[in-house]
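Worth knowing before you read on, the calculation uses all heavy atoms, side chains too, and leaves out hydrogens, waters and symmetry mates. Quick note on labels: first sequence line is chain A, next is B, and so on, each numbered from 1.
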Number of protein chains: 2
Amino acid sequence: MARPREFDEDEVLQAALRLFWEKGYEGTSLSDLMDATRLTKSSLYKAFGNKETLFWRVVERYQRDFLDFRHGALAEPTPRRIAERLLDGIVELHGGRVNPVGCLELNTALAGSTDSEPIRQELIRGRELFRQRLRDRFEETMAAAPLPSGMTSDDAASFVISLIQGLAVQAKGGVPPETARRVVHAALLSWPEA
Amino acid sequence: MARPREFDEDEVLQAALRLFWEKGYEGTSLSDLMDATRLTKSSLYKAFGNKETLFWRVVERYQRDFLDFRHGALAEPTPRRIAERLLDGIVELHGGRVNPVGCLELNTALAGSTDSEPIRQELIRGRELFRQRLRDRFEETMAAAPLPSGMTSDDAASFVISLIQGLAVQAKGGVPPETARRVVHAALLSWPEA
DNA sequence: AGAATTAGGGACCGATTGGTACATTATCAC
DNA sequence: GTGATAATGTACCAATCGGTCCCTAATTCT
């Protein structure tokens, strides 16, 4: 009963996703978004409210479309297989020529003006939540196969998360996926059950 | 033969360092710098040229004052001792309450608008240079004590660098130094010669 | 006491930031 | 066709961005 949309919301989100992925939240301006989506400011604000809610919509999509491999990884039956699949997924995510390099969330969560501090805190919170899920899964599966000697499930989770962040930074720096693969291999040398 | 400076250049650099460290290059504005240094824009520009050259002066200071432990680390006689001392230094750097958390260079090198892309590229270049120095030292010292089996000096260097970046990200996320220490321990489990 | 030189204060610059107001346009139900 | 409704285009907003210009203030050398 009114004028219909002239754009596909999904395509717009996808375009916005690429931008935020490349430049982070603050590095992406409204005019960048307008150019990439071919939408006017009015349409963007009518459809998504403001820049921040658009960003969260994009993050949601990012997690659904690009971070889904985490579920499969967490379902693996031993710590090493969990870590392996998680890290392999990261390498693949950052390795393709099709996606922007680095991690969308990390590119925003690291630094910026005080304006976006709440956004960063929220992203950090999400990361910590995942770390806890990973820790719990290590705890559950370490009966099936042990962790490296002297490592608690908490240590193991922190170690893997640190490596994931490190790999994301490396990817952003142009390090090729083969190198990342070798790093992953190196990291898992002491993890039992090859 | 002219009017003398009313400020201490060193103190100004130190104040600017803290700012850039916390917020990265783009996240730090001229008015932030003016507030923190208690200098007017004129004085800043007269003394340092512009924001970017001030930033590089700050980076120089950062490396001299906070990254000096890398020299000692590289001088160690075995790969494990090199890695150990490097990573311990990172943990200590990011662990203190006195300094801003995270890494000054990383906080700038990760994301931002296209304006500061050259700066990011230069920072990435510097990181790659250090990676090569580390690789060369691993190559030289692996006769004294071997690397983990199946790891080349290049792999080892990439692994350690990745972990360093990861730890910096973790620190920025509020992870306490004790956790970082445990991560370092976990990372070095497979490295011979304890 | 100048003259020369440099530091500092402050107004000003165009460009860009995220965001809003409003008029116009297109579509639906009736 | 008409009225209601919602999408779009455009002009506009204050605030901020990095940076420049010019005038004044302070110092040393002659």
Please name all residues satisfying salt bridge (charged side-chain N to carboxylate O under 4.0 Å, His left out) with A:E117, sequence neighbours left out, ordered by chain then number.
-> A:R120
Can you name the residues that form a salt bridge (charged side-chain N to carboxylate O under 4.0 Å, His left out) with A:E122, not counting sequence neighbours?
->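 Applying salt bridge (charged side-chain N to carboxylate O under 4.0 Å, His left out) to A:E122 gives A:R125.
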Taken in chain and number order and not counting sequence neighbours, the residues that satisfy side chain to side chain contact (heavy atoms under 4.5 Å, CB included) with A:E11 are A:D8
Contacts of B:M34 that satisfy side chain to side chain contact (heavy atoms under 4.5 Å, CB included) - sequence neighbours left out =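 Testing B:M34 for side chain to side chain contact (heavy atoms under 4.5 Å, CB included), a comparison that skips the adjacent residues, returns B:K41, B:L44.
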Axis bend over the full length of the helix from C:dA1-D:dT30 to C:dC30-D:dG1, computed from five pairs that close each end, to 10 degrees =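 The value is 0°.
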How is the hydrophobic cluster of B:V169 composed, in terms of its other members, when Ile, Leu, Val, Met, Phe, Trp and Tyr link through side-chain heavy atoms under 4.5 Å apart, directly or indirectly?
-> A:L106, A:L110, A:V169, B:L106, B:L110
Side-chain donor-acceptor pairs under 3.5 Å in residues 142-152 of chain A, sequence neighbours left out?
unit_1	atom_1	unit_2	atom_2	d
A:T152	OG1	A:D154	N	3.3
A:T152	OG1	A:D155	N	3.0
A:T152	OG1	A:D155	OD1	3.3
A:T152	OG1	A:D155	OD2	3.2

Quick one: which of D:dT20, D:dT8, C:dG18 gets closest to the side chain of A:Y45?
-> C:dG18
Under 4.0 Å, heavy atom to any atom of DNA chain C: which of [range] qualify?
range: residues 4-15 of chain B; answer: B:P4, B:R5, B:E6, B:F7
range: residues 47-56 of chain B; answer: none
range: residues 106-117 of chain A; answer: none

Where do N or O atoms of nucleotides 10-16 of chain C meet protein N or O atoms at under 3.5 Å, pair by pair?
unit_1	atom_1	unit_2	atom_2	d
C:dG10	O6	B:S42	OG	2.3

List for me each residue that meets ring pair (Phe, Tyr, Trp, His ring centres under 6.0 Å) alongside A:F159, sequence neighbours excluded, and say none if there are none.
-> none
